[in-house]
Asks: 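Below you'll find the structure I mean.
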Amino acid sequence: MEPSLPSCIALVDCNNFFVSCERVFNPKLLGVPTVVLSSNDGCIIARSEEAKKLGIPMGAAAFKYQKLLKEHNVHVYSSNFELYSDMSARVMNILADSAPSIEIYSIDEAFIDLTSIAPEERFAYAQALRARVTQWTGIPVSFGLAPTKTLAKVANDIAKAVSRGKPKPGIGLQSPGVCYLDTPSAIDAALKYLPVGDVWGIGYRYANKLKGYNIHTVAKLLTMPDEWIRKHMTINGLRTVWELRGTPCISLEEIKAPNQTIIKSRSFGIPVRTLPSLKEAVATYATIAAETLREQKQLCGGICVWLQTSWFVAEEHRYFNSETHIFPLPTAYTPTMIAAATSLVEQMYRSDFAYKKAGIMLVDLSPMDPAQLPLFIATDDVPKQTNAMHAVDAVNNKWGSHTVYFVASGVDQHWKSNRQLRSQRFTTQWDELLRV
DNA sequence: TCTGGGGTCCTAGGACCC
DNA sequence: TCTGGGGTCCTAGGACCC
């Protein structure tokens, strides 16, 4: 008899999440090919099953598939992150209410720890929870259950295959959208022919490198000695391998660690050539970054700004530059950050380029409370600044973001990203509610 | 042949994830 | 014409300290 496994982690993954969100509010999209584009309508970042069957790859440049999309009447949407974030919160709340403990891993994925549930009840538990999420939110989800996070990812892929009508006979317990790798032999069977590149933690570079050593499947990878893995794939690769062998090395993080950096960057809807427009853009990014910073109750010690042209122009028309400003006093005060960001843009700006993108990064973050104050710098203004930002945030939270804003961000913002194909923000804006 | 030993901090580059 | 945005971690090497 096989011994019972010590731990059980479930990976819950929303199927084709952004497309599924659109479908909740627009049922005519059900069963027809549908895709969602990235910011600035650049890439295809979510595809319905029907769209995948047309051969549209993940991350494809939208303009390259224009013709195919039209020919097959594919429904195309700009991304609507306000909607997706809200739908994500609904899914996560249901999971958090039901599960013993949860780590929200990304906008469409969560790990939950089912170790405390009796092994013989876990499969039915997952089926019931899956049905509840779909019934309450309209979002289809998949559950993969296994002793470690990395194996739960593998199980989740099988669960999705079952949903598509392609079960893998003899590998653990399976039903549409649920797979439980419940025994060592089920795990062995799941890994036997699995390509190494399909494993969580092994990207295409490592997959190529492994191919060079004639290692194509996970089963083969697991025969390699620890020292070899450590040498060629660092400690992270070794953790992945141990996880595949059934030993948990990546723990469930129930409490999200504070960000170490905050990045805001966007491509422009049109090529931007003038300094004032670039300054407006980085002032806008500094403003929204500062909002995120204050939301997280953090201060930043520095700001890094970059400007760039498109990568897809002749080399002599390419330009990238970045500069960092260190604040003498860590801050979350928007005007200070706008001043620093726009002054860095002035330093880097060259009039002979067409800029495609700019961005800012807040670095050296520290907690707002208790703040580490310097000895030799006057801090008299800090309480006033804190109160002012508190008031601005309160107004914008109550009456909608951008109710009060800094004129440095520009008024018409003609450089803004394209997103003409965005659906309504059905769940977060009163004037965009679904009409029946 | 052999050139002291033990540390910290920073940065660039490379890897990964969604 | 048109190619996303936002994150984390590890390692090697150099600068610098006593």
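A, B, ... follow the sequence lines: proteins, then strands. Residue 1 opens every chain. This structure is a prediction, so every number in the text was calculated from the model and none was measured.
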Asks: If pairs are Watson-Crick or G-U with both distances under 3.5 Å, what is the dot-bracket string of DNA chain C, marking crossing pairs with [ ] and pairs to another strand with |?
Replies: ....||||||||||||||
Asks: Take A:Ile338 and A:Lys279 through the test side chain to side chain contact (heavy atoms under 4.5 Å, CB included) and record every step on the way to the result.
Replies: CA-CA 9 Å; A:Ile338 290 179; A:Lys279 286 168 71 176; over 6 Å; no
Asks: Indicate yes or no: does A:Glu103 engage A:Lys256 in a salt bridge with an N to O separation below 4.0 Å.
Replies: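 Here A:Glu103 does not pair with A:Lys256 in a salt bridge, since their nearest N and O are not under 4.0 Å apart.
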Asks: Cationic tip of A:Lys356 within the cone over A:Phe268's six-membered ring, i.e. under 6.0 Å and within 45° of the normal?
Replies: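 No, A:Lys356 does not lie over the aromatic ring of A:Phe268.
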Asks: Which comes earlier along DNA chain C counting from the 5' end, the contact point of A:Asp41 or that of A:Arg266, where each point is its nearest nucleotide?
Replies: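 That would be A:Asp41.
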Asks: Quick check: A:Tyr77 with A:Phe18 (ring centres under 6.0 Å apart)?
Replies: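 Here the rings of A:Tyr77 and A:Phe18 have centres that are no less than 6.0 Å from each other.
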Asks: Identify whether any heavy atom of A:Trp311 sits under 4.0 Å from a base atom; if not, whether one sits that close to sugar-phosphate; answer base, sugar-phosphate or nothing.
Replies: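 No contact.
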Asks: Decide if atom NZ of A:Lys70 counts as having more than 12 heavy atoms of other residues, nucleotides or ligands within a radius under 6.0 Å.
Replies: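 No - once you tally the heavy atoms of other residues, nucleotides and ligands closer than 6.0 Å, there are 12 at most.
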Asks: For the C1' atoms, the ones on C:dC17 and on B:dG4, what distance do you get once it is rounded to whole angstrom?
Replies: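 After rounding to an integer number of Å, I get 15 Å for this pair.
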Asks: Relative to A:Tyr319, does A:Arg350 satisfy both conditions: NZ or CZ under 6.0 angstrom from the six-membered ring centre, and within 45 degrees of the ring's axis?
Replies: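 The answer is yes, since A:Arg350 meets both limits relative to A:Tyr319.
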Asks: With nearest nucleotides of DNA chain C determined for A:Met58 and A:Pro258 from heavy-atom distances, which residue corresponds to the more 5′ nucleotide?
Replies: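 Checking each residue's closest nucleotide, the 5'-ward one belongs to A:Met58.
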Asks: Salt-bridge test for A:Arg122 and A:Asp182: reply yes if a basic N is under 4.0 Å from a carboxylate O, no otherwise.
Replies: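 Looking at A:Arg122 and A:Asp182, the cut-off is not met.
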Asks: From the 5' end of DNA chain B to its 3' end, which nucleotides mark the outer limits of contact with chain A, defined by a 4.0 Å heavy-atom distance cut-off (strictly under)?
Replies: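 The contact span of chain A on DNA chain B goes from B:dA15 to B:dC18.
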Asks: Taking any heavy-atom pair under 4.0 Å as a contact, classify A:Arg239: base, sugar-phosphate, or nothing.
Replies: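 Sugar-phosphate, backbone atoms only, no base.
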Asks: Give A:Ile107 one of three labels, base, sugar-phosphate or nothing, depending on what nucleic acid heavy atoms sit under 4.0 Å from its own.
Replies: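 Since no nucleic acid heavy atom lies under 4.0 Å of A:Ile107, the category is nothing.
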Asks: Does A:His390 NE2 have over 12 foreign heavy atoms under 6.0 Å away?
Replies: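 Result for NE2/A:His390: open.
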